[in-house]
Structure formats: C-alpha cells, structure tokens
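The next block holds one structure in the form of structure tokens; read it before the comments.
Just so it is clear, the structure is predicted and the values come from calculations on it, not from any experiment. Residue numbers start from 1 in every chain, and the chains themselves are labelled A, B, ... in the order their sequence lines are given, proteins ahead of strands.
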Amino acid sequence: MLEIATIRSQFGLAVQGLSKRGIKEAEALLNQVLALDKSRRETQIELDSTLAEANNKAREIGRLIQTGAKDQAESAKQETAGLKAKARSLQQKLVDLVDQQQQALYNIPNIPNSDVPNGSTANDNLVVAEWGEKPALHAQAKPHWDLIKQYDIIDFELGNKVSGAGFPFYKGKGAKLVRALANYCLDQADAAGYLEIQPPVIVNQESGTATGQLPDKEGQMYAISDSEQYLIPTAEVPITNIYRDVLLHTKDLPIKNVGFTPCFRREAGSWGSDVRGLNRLHQFDKVEIVQVNHPEHSYQALKEMVEHVAGLLQQLKLPYRIVNLCGGDLGFTAAQTFDFEVYSAGQDKWLEVSSVSNFETYQANRLKLRCRGEDKKNFLLHTLNGSALAIPRVLAAILENNQLETGIKIPDVLVQYAGFDTISL
RNA sequence: AGAGGGUUGGCGGAGUGGUCGAACGCGGCGGUCUUGAAAACCGUUGUACCGCGAGGUACCGGGGGUUCGAAUCCCUCACCCUCUGCCA
C-alpha cells in the first residue's frame, strides 16, 4: 500500500503514476485519501487532548483520595463523565476514519516506476530481450494436449472425474518430469544463494492482505469455508509474510528465499477456448524466489533475479523473450515486472512461465517490514519475487519443442533428475 | 482433546488498582580514567501516531470489559510449558 506521507509529499508523481495504469480518476481518488487523512489527524488531536484532560483528572482524584479528601474526590468523579463520553465517541470516529483510509489505500495500486512503458494492454508491453531459436518441428508435430494423451503422462479426464476441470493427474514419466523440474529449479536457486523454505499452503486473511492479494484478488483465491483462510495462489504469500511485523538490520540483507509449492487459482472468468491443457490450471506447481532488499539495491536485485530465470531457461534450451510490462498490464502491487514467455512450438504460442517483480515498499508498508538504519531510524524495505519457474507451462514447452516422430527428448540438464532421456511409446 | 502453569522493554527479571513507559541486572551507545585496552565510575538507551515546538496520546501476547484511574481485576482468543489422552 502506498504511504500516506508519499501521497502527501509527492502528490503529482502519484497521480501521474496511477494514470500510467489507466486510472482516470487518480487525482480525485488520492484527494479523497488526503481528505480522510486530514480529518483523521484533526480527530486524533481532539481525542488526544480529551484523553490528556481525563488523565489529569484521574491523577487529581488519586491525589485527593490519598490525602483523604473524599468529598472533593467524589465531586471530581462526576466531572469526568462528560470527558469519558466525549473520548468514547472520538475514539469511535477515529477508528472509523482510520478504517476508511485503510480501505481507500488498499484499493489503490502501486505506482509504476519510471522505466515502465506506457500502455493499457498486453499489446503495449515491451519486448526487451529474446533468446534462442524457434524449433523446426516435423510435419506431424502436435500441441502438448495431444502429446500427453499419446504418451499417457498427464490425464485431464481423470482429474475432471476426481476433482474438477484444471486439476490434472500427472502419471509415470509425466509425474517424474514435474519432480525433476522442481528439483532442478530448487538446486539452481540453492546454488544462487536462496534459502529453501517449505511454507504452509493455507494462509490467513492478514497474510493475503499484506502481500496484496486481498482485497484486490479475493475472487481469484480458493477460500476455506468457516475459517477465513485461503489456499495460496503462489508461495510469495506465505514466504513474504514471514517478514510481516519484522524489524531487520542492514546486516541481514539481502534475504533470499526459495519455495516450492502447489499454487491454487480459481481463474474466474479467464477460461476460454485458447486456454487448453497445461496452459492454465487451477492447481499447479511453482518454484518461487523471494527477496527482501535495501531500497538502494532492489533494482540490482531485480536484475539478478531476471538473469537467474534467464539462466534456467537457457539451460533447458527453451527459446524465450523477456517482456517489460506496461502500466496497464502491471499487477496491482508491482512497481515493475518482467515477464518471461517461452515459445511453445506445438501450439505456436508464447507461454508466460515467469513473472519477476519489484514491489518496492508497497508490500513492505502493509507488512510493516522495516529495517533499522545506521542512524537508528527505521525505514521500509523493498520486496521482490519471481517464478523460477512455473512448472506446467515449462513442461508444455519442453514436450512440444522437443518432440520427434519417435518420441520426446528430455533436456540434458533434466536427465539426471528424471532418470530417463526420452519419452516414447 | 482435557487439567494446571505461563506470556512484561534487545535479553534476563521485578511489579496484583493511582505519581509505572515500567525497579534492578545484562547488553548497547557516549564520557571520565589509560600510551592503548580491560576494569571501575558517570550519563544515556523502546515503538508508533499527532504537533512548528514545548509537549501530548497509545502500547506490558491480541481483542473486549469493569473503574475517576488497569501491566495489575473480569471475559475471550492466540501461543508456550507440564501432566493425561489421541493421531500421520
């Protein structure tokens, strides 16, 4: 969430930033927050002075009682009734105003950084790098949803029967490939200095709010009935929330964590005819890298994370392009995001397999994740995360790009993890 | 799951209704002393919000209540410890 101090001191920049996201009423929205902030402060001043008066009265009564002046004490008690009522109503007013301000801020997205391209849709995203050659496939090449049936390695019908659409079963070499990809990604992250974490996959409301999924994306998460908990849509949520209400020291930085979890997404409204097979699932596995860094180093960290993901895809020999998301396509909480899209030859499509973002202080402000500086002043840290990688789409691209007439060739780096080098009949 | 005990500042640990943001010790920071260091001594040392400032307000696990006044009493939730039970 944006800091109220930032909105106050850099109003023009904030308006400009939100406009970049295509929010037309940005100025009115921010003015509304500032108005709430103003009355919040006024109410607090009034409340504080009322409480100060009541405190003084109470001390005075204490003194009177101790000196034995019972009658005076009793009459002084009568005088406090009004103050008490006043304080109570001001308190309520303050709580309401704080709540309103909070709600308003929760619904304002992050300000894109200056390097984010202008634009309103995915068409305006900027391709900043491309790597690899599109493979030349044989004449009978197929999309992965046909290949998985042919080799019987992933079963959507079975998933449909047991769970629902978008919950496939991975079988045999399909299951082993998932495991191989996860292990490969985790080992690479480990080598890059990330601490491996196995977090819970169910989180509470506070966690969902702190990383920004709530209230913005409530409809996209699976909620647990009765317990106000949610299945995680990404390991970002539990892993970043480790640092909720935490005060770090500069010597602790950077923090680098990696987690491998299933991710659950309702994907409400996004089901279409072009979304087939592994392209979009309700449950999928993902290795996620998360960093907490000093504001001065976060963009260097973002660059390193982008390079890390690029390295993974290069070793897997998957052609990819890196996309700098435009203002209109940027996620709610991100200040800047680079998407990795892998070319999947069987369906002739670019599949998003990673999204690497810097959230600057947006999440840290909700998390109350701060750092104690050398000057003993506390400041908000920057959080970052990226997929490294989202497994099913990578799997789809591997199956499609490496298909031969005789079978599917497994990328060299995965062979030692998978225990086989070919999928064939 | 049941019974009992507990949760206080960076740490340890007092405090059971008033002057307590909280004794004391340790640690940290500054100083005196010393060629330097240690020891000793003196001072200082939480966070957030509001205020130009003086200063004010809130916070003793979370939330609510009683009271003129709550770290202290009551309710509730969470967590920890001990004993009993159950279970991958």
Going by distance alone, is a donor N or O of one side chain under 3.5 Å from an acceptor N or O of the other, for [X] and [Y]?
X        : Y        : result
A:Arg366 : A:Thr209 : no
A:His382 : A:Tyr299 : no
A:Glu218 : A:Tyr230 : yes
A:Gln336 : A:Asn324 : yes
A:Tyr194 : A:Gln188 : no

Do A:Asp96 and A:Lys93 meet the salt-bridge criterion of a basic N to acidic O distance under 4.0 Å?
no

Distance in angstrom units between [X] [atom1] and [N] [atom2], rounded:
X        : N     : atom1 : atom2 : answer
A:Glu53  : B:C68 : CD    : P     : 17 Å
A:Glu46  : B:G51 : CD    : P     : 14 Å
A:Glu206 : B:C77 : CD    : P     : 17 Å
A:Asn378 : B:C49 : CG    : C1'   : 14 Å
A:Leu83  : B:U57 : CG    : P     : 13 Å
A:Gln101 : B:C49 : CD    : P     : 12 Å
A:Glu74  : B:C68 : CD    : C1'   : 9 Å
A:Arg59  : B:U67 : CZ    : C1'   : 16 Å

Looking only at atom [atom1], what distance separates [N] and [M], rounded to whole Å?
N     : M     : atom1 : result
B:A70 : B:C81 : P     : 33 Å
B:G85 : B:G2  : P     : 16 Å
B:G13 : B:G18 : C1'   : 24 Å
B:G30 : B:C83 : P     : 47 Å
B:A14 : B:U8  : C1'   : 10 Å
B:G28 : B:G10 : C1'   : 8 Å
B:A1  : B:C77 : P     : 12 Å
B:A71 : B:U16 : C1'   : 9 Å

Heavy-atom nearest nucleotide on RNA chain B taken for A:Asn56 and for A:Arg372; more 5' hit belongs to A:Arg372

When A:Ala76 and A:Arg41 are each assigned the nearest nucleotide of RNA chain B, the 5'-most assignment goes to A:Arg41

Does [N] pair with anything, Watson-Crick or G-U wobble, both distances under 3.5 Å, and if so, with which nucleotide?
N     : answer
B:A14 : none
B:C29 : B:G43
B:C49 : B:G56
B:G4  : B:C81
B:A70 : none
B:U35 : none

* Asked: Is any side-chain nitrogen or oxygen of A:Arg40 closer than 4.0 Å to OP1 or OP2 of B:C50?
  -> yes

Among the candidates [options], find the nucleotide nearest to the side-chain atoms of [X].
X       : options             : result
A:Ala52 : B:G69, B:A58, B:G56 : B:G56
A:Gln44 : B:C49, B:G46, B:G18 : B:C49
A:Lys84 : B:G69, B:U57, B:G18 : B:G69
A:Asp48 : B:U57, B:G18, B:U47 : B:U57
A:Ile45 : B:U66, B:U47, B:G51 : B:G51
A:Arg88 : B:U66, B:A48, B:G18 : B:U66
A:Leu51 : B:C68, B:G56, B:A58 : B:A58
A:Asn55 : B:C50, B:A48, B:U57 : B:U57

Taking side chain as C-beta onward, heavy atoms only, is A:Arg280 less than 4.5 Å from A:Arg265? no

- request: Indicate, with a heavy-atom threshold strictly under 4.0 Å, whether A:Leu47 touches base, sugar-phosphate, or nothing.
  value: nothing

| Polar side-chain atom of A:Arg40 near backbone of A:Val98 as donor-acceptor pair, under 3.5 Å | no

